[in-house]
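Remember, predicted model here, so these are calculated numbers, not experimental data. The sequence lines fix the lettering, A, B, ..., with proteins before strands; numbering per chain opens at 1.
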There are 2 protein chains.
Amino acid sequence: MATRKDVAKLAGVSPASVSYYVNNSGYVSAEKKEKIQKAIEELNYRPNLLAKSLRSQESKQLLLVCNEIRNPFHAELVYYTTKIAYENGYIMLFANVQDDVDYIEQICGYQVSGIIFASNKVTKEQYDRIAKFGIPSITITSMEMDGLDPIITQIKIDTESAIMNIVDVAVGLGHRKLSFLAGCPSGEQARIDLKTRGFIKGIEKNGLHIEEQRIIYNITNSINAYEEVKRLIIEGNHPTAIICANDADAIGALRAVHEAGLKVPDDVVITGVDNTDNAVASIPSLTTIDVSIKMVSQITLDVMFKRLDGKHQDDIVIPTKLIRRESM
Amino acid sequence: MATRKDVAKLAGVSPASVSYYVNNSGYVSAEKKEKIQKAIEELNYRPNLLAKSLRSQESKQLLLVCNEIRNPFHAELVYYTTKIAYENGYIMLFANVQDDVDYIEQICGYQVSGIIFASNKVTKEQYDRIAKFGIPSITITSMEMDGLDPIITQIKIDTESAIMNIVDVAVGLGHRKLSFLAGCPSGEQARIDLKTRGFIKGIEKNGLHIEEQRIIYNITNSINAYEEVKRLIIEGNHPTAIICANDADAIGALRAVHEAGLKVPDDVVITGVDNTDNAVASIPSLTTIDVSIKMVSQITLDVMFKRLDGKHQDDIVIPTKLIRRESM
DNA sequence: ATGAAAGCGCTAACAT
DNA sequence: ATGTTAGCGCTTTCAT
């Protein structure tokens, strides 16, 4: 690849002038501008961003960490954040990470300007480790993370009250046996997972006993959800309301219920979260929680740019909205 | 962030020794190794990959270009390729690009080691422009691209015979009015789109007239597909076989047919492509074309590493498989 | 076995 | 208005 030096030589100017022209800093005469432009085109010159970043101590690269890109919520988030970042002169690096913090730390070696977490698999200890790098970070979360290093701004999606609301509606419809398909593992993670908390709080608020309500943990995709719901039904005494942590899981649940010869919503109601395209297109269409991913993306990057600007930003809570469709 | 110099100072050795230790090149005494390791941990040192890449003239960054990450096929591809790349010491940069080649060119400024295209929106002219950078590239394609610069290895997914096969089966089942929901725009793109070609060839092979078979272009997601199929049905004289370019579109078609009170597969058969989770979980489940994305990802990166090694690689054709389920 | 030093391509302060 | 130059953090050759 041609370098700035090559361009300077061909254009008969100094390398500095090329920089001035390319970056629109410093003065370059119209005559030289033209010569430089010509040389750039002839040589197909592109500035070496590695060198530029090294020198200017800012990479203009943002890192987005997801734990499951195959989940449409994450896919949309990648779509919008990448787009907005680019429109603002930043390139998005993407990492699909389960629990390999080493990976993230390695990528930080590229001197990323900022990190966006969209993963429910990163633990507090791992956040703490990454916080040490001093890189402005944001986490889009459905977790209650206490005592997180303030270098990590939390954008909390209020799925807790959303799921509570769903429980209210289900109970209002007469359902007494509810089940929740959680994305997280049981134990510590479950205690801070807002969706799981919402379910438990909803159950308690409605005077039901949480022990009698089944929470199925570790649901990671629709196939998985399908199998678990199938098992629930085969075991007998199945729930009449199946509340899922996301739309994909709800699609799997729908299928299992359908195969068992049960009708949705007459025999069993099912709900999702995320309001993805699937929720509209499925049969029956899904009652779900709308989280405007476009809006979340915009807010996230607004916050990121503010942070990169050295300004402080408090944590943010993003409200959600129940979308009633056919499945409940 | 701490630099190599800081580590050297704290450990009481030269910066070179730190490099030797970190990269396992050159000799370092056990005693110094220990000191260096201690200093690294104390300072939370991470090598600056920007500087390393600049110096060693290889970034170990791969660029993946998609045009629609919200499509599950792309999402899975991102998932697997990112994973395999990392296992081989490469970081994947991700770009969701419609037709903005400038964006790709800009990212190339990071001296990416290789580029993987998974987009049906990149035109030959755009490939040609990027080929000029001399970066080993691969395109995972469902297009017939003639005369492409050999710096771009083509991994062709044989969707052409797959769709022809679907047409055969549909006609064998007695269908005479078929429709194809294409992802590409009509015109030049459609002529090189293997799926569209497969449909046309299949129709002709079966002695039907292509003029009487509706091809709907520019279908980009399930909502879109839903609307178009709804329109087809409302217009009357609707097709009894709706062949879709991907599973997501088929889900939308399914919904439209269902709303019209028609039964799948009794009144209308519908097929997808990709064999995503949705195809298994939908009701009815989808007859679709299986393309093992995991395998495609593995092959793609095998080819990439071979290319990065300076070896030549011929274009590859990846076979596909028809998966019969309930929708046809 | 270890260190000094050149240089990767760039920015920006400074000199002219 | 344009050029010279130091230095970003690193690798690697060459001396010691």
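- The stretch residues 44-63 of chain B touches DNA chain D through B:Tyr45, B:Pro47, B:Asn48, B:Ala51, B:Lys52, B:Arg55, each having a heavy atom under 4.0 angstrom from the strand.
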Name each donor-acceptor pair under 3.5 Å that joins a side chain in residues 141-151 of chain B to protein atoms two or more places apart or in another chain, with its distance.
{"from": "B:Thr141", "atom 1": "OG1", "to": "B:Met143", "atom 2": "N", "distance (Å)": "2.8"}
{"from": "B:Ser142", "atom 1": "OG", "to": "B:Thr159", "atom 2": "OG1", "distance (Å)": "3.2"}
{"from": "B:Asp149", "atom 1": "OD1", "to": "B:Ile151", "atom 2": "N", "distance (Å)": "2.8"}

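- Every pair passing salt bridge (charged side-chain N to carboxylate O under 4.0 Å, His left out) that includes a residue from residues 295-318 of chain A is listed here, sequence neighbours excluded: A:Asp309-A:Lys311.
- For residues 117-127 of chain A, the salt bridge (charged side-chain N to carboxylate O under 4.0 Å, His left out) pairs, not counting sequence neighbours, are A:Lys124-A:Asp128.
- Checked against side chain to side chain donor-acceptor pair (under 3.5 Å), A:Asp100 has no partners two or more places apart in sequence or in another chain.
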Pull out every protein N or O sitting under 3.5 Å from an N or O of nucleotides 13-16 of chain D, one pair per line with the distance.
{"from": "D:dT13", "atom 1": "O4", "to": "B:Tyr20", "atom 2": "OH", "distance (Å)": "2.8"}

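- The salt bridge (charged side-chain N to carboxylate O under 4.0 Å, His left out) pairs that include a residue from residues 37-63 of chain A are A:Arg46-B:Glu105, where partners are two or more places apart or lie in different chains.
- Residue pairs meeting the salt bridge (charged side-chain N to carboxylate O under 4.0 Å, His left out) criterion with at least one member in residues 5-24 of chain A, sequence neighbours excluded, do not occur.
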Side-chain donor-acceptor pairs of residues 86-94 of chain A under 3.5 Å, sequence neighbours excluded:
{"from": "A:Asn88", "atom 1": "ND2", "to": "A:Ile84", "atom 2": "O", "distance (Å)": "2.8"}

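- The stretch residues 29-41 of chain A touches DNA chain D through A:Ser29, A:Lys32, each having a heavy atom under 4.0 angstrom from the strand.
- With sequence neighbours excluded, no residue forms a side chain to side chain donor-acceptor pair (under 3.5 Å) with B:Ser137.
- Between B:Tyr45 and B:Met1 the shortest side-chain heavy-atom distance does not fall below 4.5 Å.
- Within the nucleic acid shown, B:Ser17 comes within 4.0 Å of sugar-phosphate atoms alone, with no base atom in reach, counting heavy atoms only.
- Every salt bridge (Lys or Arg N to Asp or Glu O under 4.0 Å) that A:Glu188 has, sequence neighbours left out, goes to A:Arg191.
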